[in-house]
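Each chain gets a letter, A, B and so on, in the order the sequences are listed, and its residues count up from 1. The shown structure was predicted, so the numbers you read here are calculated from the model rather than taken from an experiment.
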Protein chains: 2
Amino acid sequence: MRKKEETGSIIEMCPVRNVIARFGNKWAFLTLLIIGEQGIVRFNELSRLMPDVSSRVLSSTLRTLEADGLIDRKVYAEVPPKVEYRLTEIGQSLLPLIRQLTEWALTNMKHVMTHRQEYRTHNNPDKNRR
Amino acid sequence: MRKKEETGSIIEMCPVRNVIARFGNKWAFLTLLIIGEQGIVRFNELSRLMPDVSSRVLSSTLRTLEADGLIDRKVYAEVPPKVEYRLTEIGQSLLPLIRQLTEWALTNMKHVMTHRQEYRTHNNPDKNRR
DNA sequence: CCGCATCCCCAAAGATACTG
DNA sequence: CAGTATCTTTGGGGATGCGG
């Protein structure tokens, strides 16, 4: 993972790509962060904490994170049903990095927003509109 | 950004969400990382370093990063055309974090992959297949 | 009532071809 | 060389429904 060597591609030998790609998942980071903050969370609790994520997407995000071994899912055979989510050890180890990212965002957010705005106005807004 | 307070939602007051969402962009991190490693890169160089990204997607990723002020795009009025990409200062400030993420990935990748595999076999593969 | 699953839509990713 | 134009595919996201 140094420079371009051998094949000319950093990527193919780089399993990192897979993990990074996993966080291409729009809500993965935020989900991990929130579970990390809360310690133990239930599904609807999470859902309330992340209002702009539909339960369907939240569910699939959680499933992916569980599959990757980053979170633990504990189901209680009760009525009404109860499912708890918490970070695994490996998930915990990722938490500091996410926190740093969050801090970076807090620090640089304004600048990014401003720059984005300028960029919009300098270039044709019609082409760069969302 | 502590626990659930006031509104019950961490997010609405959390600009972090916006930045994170920006990196929901599948290739943003890797692109930043590679540009950071290389220092100054030209488009096709990047394209060669990231073979599984189409030029269309690469182009739009670069544009987004430029709009956010994370990379600088320098165009030379030459024939053949020449465009150079490099990190801005704010982009540089993000680089250490991405490197840490990369290291984390290198360390934990195998475990994640293994866990993912087990998860697949334990649950119905037909339902969890990509 | 909780934790999803199913249906459907749309934006973003991907492949391919083609220009200034 | 550095992209854009065009078309197809994938997956995020809302609405709704359903089993436990």
Rounded to the Å, how far apart are [X] [atom1] and [N] [atom2]?
X	N	atom1	atom2	result
B/Lys82	D/dA2	NZ	P	9 Å
B/Phe43	D/dA2	CZ	P	8 Å
A/Met50	D/dG12	CE	P	13 Å
A/Glu45	C/dC4	CD	C1'	17 Å
B/Glu84	D/dG3	CD	C1'	16 Å
A/Leu62	C/dG3	CG	C1'	10 Å
B/Leu58	C/dA12	CG	P	17 Å
B/Leu65	D/dG3	CG	P	13 Å

Tell me whether the side-chain N/O atoms of [X] come closer than 4.0 Å to OP1 or OP2 in [N].
X	N	result
B/Arg73	D/dA2	no
B/Ser47	D/dA2	no
A/Asn44	C/dC1	no
A/Tyr85	C/dC2	no

Any [X] side-chain heavy atom under 4.5 Å of [Y] side chain:
X	Y	answer
A/Trp104	A/Met109	no
B/Leu32	B/Leu65	yes
A/Asp68	B/His115	no

Can you tell me if CD on B/Glu78 sees more than 12 non-hydrogen neighbours from other groups inside 6.0 Å? yes
Sugar-phosphate means primed atoms, P, OP1 and OP2; the rest is base. With that split, encode nucleotides 13-20 of chain D 5' to 3' as B, S or - using protein heavy atoms under 4.0 Å. BBB----B
What residues form a salt bridge (Lys or Arg N to Asp or Glu O under 4.0 Å) with A/Arg56, not counting sequence neighbours? none
So, B/Tyr85 and B/Glu66: side-chain donor and acceptor under 3.5 Å apart, yes or no? no
Return the set of residues passing ring pair (Phe, Tyr, Trp, His ring centres under 6.0 Å) with A/Phe43 (not counting sequence neighbours), or none when no residue passes. none
